[in-house]
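Proteins get letters first, then strands, A, B, ... in listed order; numbering begins at 1 in each.
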There are 2 protein chains.
Amino acid sequence: MQYPAPIAKLIDSFMKLPGVGEKTATRYAFYVLQMEDQDVSAFSKNLLEVKRKLHHCPNCGNLTDMDLCSICRDKSRDPSTIIVVEDVRDVMSMEKMQEYHGLYHVLNGVLSPSAGTAIEDINLMSLLERLQKHPEIKEVIIATNANVEGETTAMYIARLLKPIGVKVTRIACGLSVGSDIEYADEMTLFKAIEGRTEL
Amino acid sequence: MQYPAPIAKLIDSFMKLPGVGEKTATRYAFYVLQMEDQDVSAFSKNLLEVKRKLHHCPNCGNLTDMDLCSICRDKSRDPSTIIVVEDVRDVMSMEKMQEYHGLYHVLNGVLSPSAGTAIEDINLMSLLERLQKHPEIKEVIIATNANVEGETTAMYIARLLKPIGVKVTRIACGLSVGSDIEYADEMTLFKAIEGRTEL
(Lines give C-alpha, C1' and ligand atoms only; values in the text may rest on other atoms or scores of the structure.)
Protein backbone atom coordinates (compact mmCIF):
# COMPACT_ATOMS: atom_id res chain seq x y z
CA MET A 1 0.00 0.00 0.00
CA GLN A 2 1.09 3.53 -0.70
CA TYR A 3 -0.38 6.71 0.73
CA PRO A 4 -3.03 8.32 -1.51
CA ALA A 5 -1.42 10.60 -4.14
CA PRO A 6 -2.20 13.97 -2.48
CA ILE A 7 -0.49 13.06 0.79
CA ALA A 8 2.41 11.26 -0.94
CA LYS A 9 3.06 14.40 -3.00
CA LEU A 10 2.97 16.63 0.08
CA ILE A 11 5.42 14.29 1.86
CA ASP A 12 7.74 14.65 -1.17
CA SER A 13 7.50 18.42 -0.96
CA PHE A 14 8.34 18.47 2.75
CA MET A 15 11.28 16.13 2.10
CA LYS A 16 12.85 18.83 -0.08
CA LEU A 17 13.40 20.96 3.07
CA PRO A 18 16.86 20.76 4.68
CA GLY A 19 17.24 18.02 7.29
CA VAL A 20 13.74 16.64 6.73
CA GLY A 21 13.61 12.89 6.09
CA GLU A 22 10.65 10.66 5.28
CA LYS A 23 9.51 10.25 8.91
CA THR A 24 9.49 13.97 9.68
CA ALA A 25 7.90 14.82 6.32
CA THR A 26 5.12 12.28 6.99
CA ARG A 27 4.57 13.79 10.42
CA TYR A 28 4.31 17.29 8.93
CA ALA A 29 1.98 16.14 6.13
CA PHE A 30 -0.42 14.42 8.52
CA TYR A 31 -0.34 17.46 10.75
CA VAL A 32 -1.36 19.64 7.78
CA LEU A 33 -4.40 17.36 7.33
CA GLN A 34 -5.74 18.43 10.71
CA MET A 35 -4.74 22.09 10.47
CA GLU A 36 -7.41 24.79 9.99
CA ASP A 37 -8.32 25.38 6.34
CA GLN A 38 -7.39 29.04 6.55
CA ASP A 39 -3.93 28.28 7.99
CA VAL A 40 -3.21 25.84 5.16
CA SER A 41 -4.40 28.37 2.54
CA ALA A 42 -2.17 31.02 4.11
CA PHE A 43 0.78 28.58 4.19
CA SER A 44 0.25 27.80 0.51
CA LYS A 45 0.00 31.50 -0.41
CA ASN A 46 3.04 32.46 1.71
CA LEU A 47 5.18 29.91 -0.13
CA LEU A 48 4.35 31.49 -3.47
CA GLU A 49 4.67 35.07 -2.27
CA VAL A 50 8.11 34.60 -0.77
CA LYS A 51 9.36 33.68 -4.25
CA ARG A 52 7.29 36.32 -6.07
CA LYS A 53 7.71 39.39 -3.88
CA LEU A 54 11.20 39.19 -2.41
CA HIS A 55 14.36 40.38 -4.12
CA HIS A 56 17.77 41.67 -3.06
CA CYS A 57 18.11 45.35 -2.19
CA PRO A 58 20.05 46.90 -5.15
CA ASN A 59 22.06 49.01 -2.71
CA CYS A 60 23.21 46.51 -0.05
CA GLY A 61 22.04 43.02 -1.08
CA ASN A 62 19.69 42.55 1.89
CA LEU A 63 16.27 40.96 1.25
CA THR A 64 13.32 43.24 0.65
CA ASP A 65 9.86 43.43 -0.87
CA MET A 66 10.28 47.19 -1.58
CA ASP A 67 12.63 49.21 -3.82
CA LEU A 68 15.26 49.46 -1.11
CA CYS A 69 15.52 47.39 2.09
CA SER A 70 14.23 48.75 5.41
CA ILE A 71 17.76 49.60 6.59
CA CYS A 72 18.82 51.48 3.44
CA ARG A 73 15.48 53.39 3.54
CA ASP A 74 16.02 54.42 7.17
CA LYS A 75 17.43 57.98 7.03
CA SER A 76 18.22 57.96 10.77
CA ARG A 77 20.99 55.39 10.35
CA ASP A 78 24.66 56.40 10.37
CA PRO A 79 25.91 56.30 6.75
CA SER A 80 29.59 56.41 7.73
CA THR A 81 29.94 52.71 8.66
CA ILE A 82 29.16 49.53 6.75
CA ILE A 83 29.20 46.02 8.20
CA VAL A 84 29.88 43.36 5.55
CA VAL A 85 28.12 40.04 6.24
CA GLU A 86 27.79 36.78 4.32
CA ASP A 87 24.06 36.25 4.66
CA VAL A 88 20.76 38.08 5.15
CA ARG A 89 20.28 36.23 8.45
CA ASP A 90 23.55 37.72 9.73
CA VAL A 91 22.00 41.19 9.38
CA MET A 92 19.22 40.03 11.69
CA SER A 93 21.78 38.73 14.23
CA MET A 94 23.63 42.06 14.19
CA GLU A 95 20.38 44.00 14.59
CA LYS A 96 19.44 41.94 17.65
CA MET A 97 22.52 43.45 19.34
CA GLN A 98 20.72 46.86 19.19
CA GLU A 99 24.11 48.62 19.44
CA TYR A 100 24.94 49.20 15.79
CA HIS A 101 23.20 51.94 13.84
CA GLY A 102 25.20 52.03 10.61
CA LEU A 103 24.51 50.30 7.29
CA TYR A 104 25.20 46.80 5.93
CA HIS A 105 26.46 45.10 2.82
CA VAL A 106 25.29 41.52 2.29
CA LEU A 107 27.61 39.37 0.14
CA ASN A 108 25.01 36.62 -0.27
CA GLY A 109 27.84 34.12 -0.38
CA VAL A 110 31.48 33.69 0.48
CA LEU A 111 34.66 33.13 -1.54
CA SER A 112 35.36 29.40 -1.60
CA PRO A 113 37.82 27.93 -4.10
CA SER A 114 36.78 24.42 -3.03
CA ALA A 115 33.07 25.11 -3.77
CA GLY A 116 34.04 27.05 -6.91
CA THR A 117 32.63 30.38 -5.69
CA ALA A 118 34.49 33.24 -7.32
CA ILE A 119 34.35 37.03 -6.88
CA GLU A 120 31.63 37.48 -9.50
CA ASP A 121 29.37 34.98 -7.67
CA ILE A 122 29.09 37.17 -4.57
CA ASN A 123 27.74 40.69 -4.14
CA LEU A 124 31.19 42.29 -3.75
CA MET A 125 31.81 44.60 -6.71
CA SER A 126 28.76 46.65 -5.74
CA LEU A 127 30.49 47.39 -2.40
CA LEU A 128 33.37 48.95 -4.31
CA GLU A 129 30.92 51.06 -6.34
CA ARG A 130 29.12 52.05 -3.14
CA LEU A 131 32.38 53.27 -1.60
CA GLN A 132 33.29 55.25 -4.69
CA LYS A 133 29.80 56.83 -4.87
CA HIS A 134 29.54 57.61 -1.15
CA PRO A 135 32.67 59.29 0.24
CA GLU A 136 30.84 59.65 3.59
CA ILE A 137 31.60 55.96 4.27
CA LYS A 138 34.57 56.02 6.66
CA GLU A 139 34.81 52.44 7.94
CA VAL A 140 34.02 48.98 6.58
CA ILE A 141 33.72 46.30 9.31
CA ILE A 142 34.13 42.82 7.88
CA ALA A 143 31.88 40.38 9.77
CA THR A 144 32.19 37.21 7.68
CA ASN A 145 32.14 33.92 9.60
CA ALA A 146 35.20 32.87 11.62
CA ASN A 147 36.01 29.88 9.39
CA VAL A 148 38.40 29.32 6.48
CA GLU A 149 36.06 30.72 3.79
CA GLY A 150 35.06 33.67 5.98
CA GLU A 151 38.70 34.58 6.76
CA THR A 152 39.75 34.23 3.10
CA THR A 153 36.90 36.49 2.02
CA ALA A 154 37.77 39.03 4.74
CA MET A 155 41.41 39.15 3.60
CA TYR A 156 40.37 39.54 -0.02
CA ILE A 157 37.93 42.38 0.73
CA ALA A 158 40.54 44.14 2.89
CA ARG A 159 43.08 44.08 0.04
CA LEU A 160 40.44 45.24 -2.45
CA LEU A 161 39.30 48.20 -0.33
CA LYS A 162 42.58 49.44 1.16
CA PRO A 163 43.64 51.37 -2.04
CA ILE A 164 40.43 53.48 -1.80
CA GLY A 165 41.67 54.80 1.54
CA VAL A 166 38.71 53.59 3.63
CA LYS A 167 39.34 52.10 7.10
CA VAL A 168 38.83 48.33 6.94
CA THR A 169 38.41 46.37 10.20
CA ARG A 170 37.66 42.77 11.15
CA ILE A 171 35.47 41.73 14.10
CA ALA A 172 37.35 40.10 17.00
CA CYS A 173 37.78 36.38 17.61
CA GLY A 174 37.92 35.20 21.22
CA LEU A 175 35.98 33.55 24.02
CA SER A 176 32.18 33.54 23.83
CA VAL A 177 30.73 35.60 26.69
CA GLY A 178 29.83 33.26 29.56
CA SER A 179 32.12 30.45 28.38
CA ASP A 180 34.89 28.68 30.30
CA ILE A 181 38.53 28.73 29.20
CA GLU A 182 38.63 25.00 30.02
CA TYR A 183 36.27 24.23 27.16
CA ALA A 184 37.64 26.68 24.57
CA ASP A 185 39.51 25.15 21.62
CA GLU A 186 43.16 26.09 21.11
CA MET A 187 42.57 28.23 18.00
CA THR A 188 40.01 30.37 19.83
CA LEU A 189 42.33 30.74 22.82
CA PHE A 190 45.20 31.72 20.53
CA LYS A 191 43.00 34.37 18.86
CA ALA A 192 41.82 35.60 22.26
CA ILE A 193 45.40 36.10 23.46
CA GLU A 194 46.51 37.61 20.17
CA GLY A 195 43.63 40.10 20.33
CA ARG A 196 44.14 41.01 24.00
CA THR A 197 43.48 44.63 25.03
CA GLU A 198 45.07 46.70 27.79
CA LEU A 199 43.02 47.13 30.97
CA MET B 1 14.84 45.29 11.92
CA GLN B 2 12.33 42.63 11.07
CA TYR B 3 12.36 40.31 8.11
CA PRO B 4 10.34 41.60 5.13
CA ALA B 5 6.65 40.63 5.45
CA PRO B 6 6.63 37.75 2.91
CA ILE B 7 9.41 35.84 4.68
CA ALA B 8 8.09 36.65 8.17
CA LYS B 9 4.71 35.23 7.17
CA LEU B 10 6.27 32.06 5.75
CA ILE B 11 8.28 31.62 8.97
CA ASP B 12 4.99 31.89 10.90
CA SER B 13 3.42 29.22 8.70
CA PHE B 14 6.34 26.82 9.19
CA MET B 15 6.18 27.42 12.95
CA LYS B 16 2.67 25.93 12.96
CA LEU B 17 4.19 22.51 12.15
CA PRO B 18 4.81 20.18 15.11
CA GLY B 19 8.23 20.53 16.73
CA VAL B 20 9.26 23.47 14.54
CA GLY B 21 10.53 26.51 16.44
CA GLU B 22 11.61 29.89 15.14
CA LYS B 23 15.17 28.81 14.21
CA THR B 24 14.06 25.79 12.19
CA ALA B 25 11.20 27.73 10.57
CA THR B 26 13.65 30.47 9.52
CA ARG B 27 15.98 27.84 8.08
CA TYR B 28 13.12 26.30 6.09
CA ALA B 29 11.85 29.69 4.87
CA PHE B 30 15.28 30.76 3.62
CA TYR B 31 15.71 27.40 1.96
CA VAL B 32 12.42 27.91 0.11
CA LEU B 33 13.86 31.18 -1.25
CA GLN B 34 16.54 29.27 -3.13
CA MET B 35 14.36 26.35 -4.20
CA GLU B 36 13.34 25.97 -7.87
CA ASP B 37 10.19 27.92 -8.77
CA GLN B 38 8.41 24.79 -9.92
CA ASP B 39 9.14 22.93 -6.66
CA VAL B 40 7.71 25.80 -4.62
CA SER B 41 4.60 25.98 -6.83
CA ALA B 42 4.13 22.23 -6.43
CA PHE B 43 4.63 22.51 -2.64
CA SER B 44 2.01 25.27 -2.48
CA LYS B 45 -0.46 23.27 -4.60
CA ASN B 46 0.15 20.04 -2.65
CA LEU B 47 -0.73 21.79 0.61
CA LEU B 48 -4.10 22.84 -0.76
CA GLU B 49 -4.85 19.52 -2.44
CA VAL B 50 -4.19 17.43 0.64
CA LYS B 51 -7.01 19.33 2.35
CA ARG B 52 -9.28 19.40 -0.69
CA LYS B 53 -8.97 15.88 -2.10
CA LEU B 54 -8.47 13.58 0.87
CA HIS B 55 -11.25 12.12 3.00
CA HIS B 56 -11.81 9.02 5.13
CA CYS B 57 -12.87 5.80 3.40
CA PRO B 58 -16.58 5.35 4.35
CA ASN B 59 -16.00 1.61 4.81
CA CYS B 60 -12.85 1.43 6.96
CA GLY B 61 -11.82 5.01 7.90
CA ASN B 62 -8.49 4.89 6.03
CA LEU B 63 -7.45 7.98 4.04
CA THR B 64 -8.30 8.10 0.35
CA ASP B 65 -8.82 10.42 -2.59
CA MET B 66 -11.26 7.92 -4.21
CA ASP B 67 -14.71 6.54 -3.22
CA LEU B 68 -13.15 3.69 -1.26
CA CYS B 69 -9.54 3.36 -0.09
CA SER B 70 -7.04 1.27 -2.07
CA ILE B 71 -7.31 -1.64 0.38
CA CYS B 72 -11.12 -1.81 0.42
CA ARG B 73 -11.09 -1.61 -3.41
CA ASP B 74 -8.61 -4.52 -3.71
CA LYS B 75 -10.73 -7.63 -4.42
CA SER B 76 -7.72 -9.94 -3.92
CA ARG B 77 -7.58 -9.23 -0.18
CA ASP B 78 -8.94 -11.71 2.35
CA PRO B 79 -12.30 -10.34 3.63
CA SER B 80 -12.41 -12.70 6.63
CA THR B 81 -9.98 -10.73 8.86
CA ILE B 82 -9.95 -7.12 10.02
CA ILE B 83 -7.08 -5.42 11.86
CA VAL B 84 -8.28 -2.48 13.99
CA VAL B 85 -5.71 0.35 14.24
CA GLU B 86 -5.73 3.82 15.82
CA ASP B 87 -4.28 5.79 12.95
CA VAL B 88 -3.90 5.82 9.17
CA ARG B 89 -0.12 5.61 9.58
CA ASP B 90 -0.52 2.34 11.47
CA VAL B 91 -2.05 0.82 8.32
CA MET B 92 1.14 1.74 6.48
CA SER B 93 3.28 0.10 9.20
CA MET B 94 1.22 -3.11 9.00
CA GLU B 95 1.44 -3.14 5.19
CA LYS B 96 5.26 -2.83 5.35
CA MET B 97 5.24 -6.25 7.04
CA GLN B 98 3.97 -7.73 3.73
CA GLU B 99 2.52 -10.70 5.62
CA TYR B 100 -1.06 -9.59 6.18
CA HIS B 101 -3.56 -9.71 3.33
CA GLY B 102 -6.84 -9.00 5.14
CA LEU B 103 -8.69 -5.71 5.65
CA TYR B 104 -8.40 -2.87 8.18
CA HIS B 105 -10.56 -0.64 10.31
CA VAL B 106 -9.05 2.73 11.28
CA LEU B 107 -10.44 4.26 14.49
CA ASN B 108 -8.86 7.68 13.80
CA GLY B 109 -8.47 8.13 17.53
CA VAL B 110 -8.46 6.24 20.79
CA LEU B 111 -10.68 6.17 23.87
CA SER B 112 -9.17 8.49 26.45
CA PRO B 113 -11.20 9.67 29.43
CA SER B 114 -8.40 12.08 30.38
CA ALA B 115 -8.43 13.75 26.93
CA GLY B 116 -12.23 13.57 26.85
CA THR B 117 -12.42 11.26 23.83
CA ALA B 118 -15.60 9.20 23.95
CA ILE B 119 -16.97 6.38 21.79
CA GLU B 120 -18.75 8.74 19.39
CA ASP B 121 -15.47 10.60 18.71
CA ILE B 122 -13.78 7.58 17.16
CA ASN B 123 -14.72 5.51 14.11
CA LEU B 124 -15.99 2.53 16.15
CA MET B 125 -19.74 2.16 15.56
CA SER B 126 -19.11 1.66 11.82
CA LEU B 127 -17.05 -1.44 12.74
CA LEU B 128 -20.12 -2.92 14.42
CA GLU B 129 -22.22 -2.18 11.32
CA ARG B 130 -19.51 -3.68 9.12
CA LEU B 131 -19.55 -6.92 11.14
CA GLN B 132 -23.35 -7.14 11.00
CA LYS B 133 -23.38 -6.50 7.23
CA HIS B 134 -20.50 -8.88 6.38
CA PRO B 135 -20.88 -12.28 8.06
CA GLU B 136 -17.74 -13.40 6.14
CA ILE B 137 -15.64 -11.53 8.75
CA LYS B 138 -14.36 -14.26 11.09
CA GLU B 139 -11.67 -12.49 13.14
CA VAL B 140 -11.03 -8.96 14.40
CA ILE B 141 -7.38 -8.37 15.44
CA ILE B 142 -7.07 -5.34 17.73
CA ALA B 143 -3.77 -3.53 17.06
CA THR B 144 -4.16 -0.36 19.12
CA ASN B 145 -0.98 0.97 20.76
CA ALA B 146 0.48 -0.82 23.80
CA ASN B 147 -0.22 2.06 26.20
CA VAL B 148 -3.02 2.86 28.65
CA GLU B 149 -5.38 4.39 26.07
CA GLY B 150 -4.65 1.65 23.53
CA GLU B 151 -5.30 -1.12 26.06
CA THR B 152 -8.52 0.52 27.32
CA THR B 153 -9.79 0.86 23.76
CA ALA B 154 -8.86 -2.76 23.00
CA MET B 155 -10.79 -4.01 26.06
CA TYR B 156 -13.81 -1.89 25.15
CA ILE B 157 -13.87 -3.11 21.55
CA ALA B 158 -13.51 -6.73 22.68
CA ARG B 159 -16.54 -6.43 25.00
CA LEU B 160 -18.54 -4.68 22.28
CA LEU B 161 -17.84 -7.31 19.61
CA LYS B 162 -17.94 -10.56 21.63
CA PRO B 163 -21.81 -10.75 21.66
CA ILE B 164 -21.82 -10.82 17.83
CA GLY B 165 -19.91 -14.09 17.97
CA VAL B 166 -16.84 -12.93 16.03
CA LYS B 167 -13.35 -14.00 17.19
CA VAL B 168 -11.60 -10.99 18.79
CA THR B 169 -7.81 -11.12 19.31
CA ARG B 170 -5.15 -8.72 20.56
CA ILE B 171 -1.62 -8.48 19.13
CA ALA B 172 1.14 -9.78 21.43
CA CYS B 173 3.28 -7.70 23.78
CA GLY B 174 6.87 -8.86 24.37
CA LEU B 175 10.50 -8.25 23.47
CA SER B 176 11.29 -6.33 20.28
CA VAL B 177 13.11 -8.56 17.81
CA GLY B 178 16.87 -7.98 18.18
CA SER B 179 16.59 -6.50 21.66
CA ASP B 180 18.37 -7.60 24.87
CA ILE B 181 16.49 -8.80 27.96
CA GLU B 182 18.89 -6.65 30.01
CA TYR B 183 17.41 -3.48 28.57
CA ALA B 184 13.73 -4.51 28.53
CA ASP B 185 11.47 -2.76 31.05
CA GLU B 186 9.70 -4.91 33.65
CA MET B 187 6.20 -4.51 32.16
CA THR B 188 7.41 -5.72 28.76
CA LEU B 189 9.20 -8.68 30.38
CA PHE B 190 6.07 -9.53 32.36
CA LYS B 191 3.98 -9.46 29.17
CA ALA B 192 6.60 -11.55 27.35
CA ILE B 193 6.48 -14.25 30.04
CA GLU B 194 2.70 -14.11 30.31
CA GLY B 195 2.41 -14.57 26.53
CA ARG B 196 4.98 -17.41 26.31
CA THR B 197 4.37 -20.17 23.75
CA GLU B 198 5.37 -23.86 23.83
CA LEU B 199 8.38 -24.86 21.73
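Residue contact with chain A, scored on non-hydrogen atoms closer than 4.5 Å, is absent for B:Met94.
For the atom pair OH of A:Tyr3 and CG of B:Leu54, the computed distance is 11.5 Å after rounding to the nearest 0.5 Å.
In the hydrophobic cluster analysis, where Ile, Leu, Val, Met, Phe, Trp and Tyr join through side-chain heavy atoms closer than 4.5 angstrom, A:Ile157 is grouped apart from A:Val148. There is a path of hydrophobic side-chain contacts, each under 4.5 Å, that joins A:Val106 to A:Leu128. Linking Ile, Leu, Val, Met, Phe, Trp and Tyr whenever their side-chain heavy atoms come within less than 4.5 Å leaves B:Leu10 and A:Met66 in two separate clusters. A single hydrophobic cluster is seen to contain both B:Leu131 and B:Ile71, as judged by linkage of ILVMFWY side chains at heavy-atom distances under 4.5 Å, directly or through other members. Both A:Val166 and A:Val85 belong to a common hydrophobic cluster when Ile, Leu, Val, Met, Phe, Trp and Tyr are linked at side-chain heavy-atom distances under 4.5 angstrom.
Counted within 6.0 Å of CD on B:Glu136, heavy atoms from surrounding residues, nucleotides or ligands total more than 12; the atom is thus considered enclosed. Atom CG of B:Asp67 has 12 or fewer neighbouring heavy atoms from other residues, nucleotides or ligands inside a 6.0 Å radius. Counting non-hydrogen atoms of neighbouring residues, nucleotides and ligands closer than 6.0 angstrom, the CE atom of A:Met125 exceeds 12 such neighbours. For A:Glu139, the CD atom counts as densely surrounded, since its 6.0 Å shell holds more than 12 non-hydrogen atoms of other residues, nucleotides or ligands.
Contacts with chain B (heavy atom to heavy atom, under 4.5 Å) involve these residues of residues 23-30 of chain A, listed by number: A:Thr26, A:Arg27, A:Tyr28, A:Phe30. Interface with chain A: from residues 42-53 of chain B, residues B:Ala42, B:Phe43, B:Ser44, B:Asn46, B:Leu47, B:Leu48, B:Glu49, B:Val50, B:Lys51, B:Lys53 qualify, criterion being any non-hydrogen pair under 4.5 Å. Applying a 4.5 Å heavy-atom cutoff, none of the residues of residues 175-199 of chain B approach chain A.
Two residues are said to be in side-chain contact when any heavy atoms from C-beta on lie closer than 4.5 Å; B:Leu17 and A:Val32 meet this criterion.
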Exercise. Begin from the C-alpha positions of A:Leu63 and B:Leu33 and carry the test side chain to side chain contact (heavy atoms under 4.5 Å, CB included) through to its verdict.
Key: CA-CA 10 Å; A:Leu63 269 187; B:Leu33 264 180; 3.3 Å; yes
Output side-chain donor-acceptor pairs under 3.5 Å for residues 97-104 of chain B, partner residues at least two apart or in another chain, one line each.
residue  : atom : partner  : partner atom : Å
B:Tyr100 : OH   : B:Thr81  : O            : 3.1
B:Tyr100 : OH   : B:Ile83  : N            : 3.3
B:Tyr100 : OH   : B:Leu103 : N            : 3.2
B:Tyr100 : OH   : B:Leu103 : O            : 2.6
B:Tyr104 : OH   : B:Glu95  : OE2          : 2.6

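Nearest heavy atoms, A:Pro4 versus B:Thr64: CG-CA, 3.8 Å.
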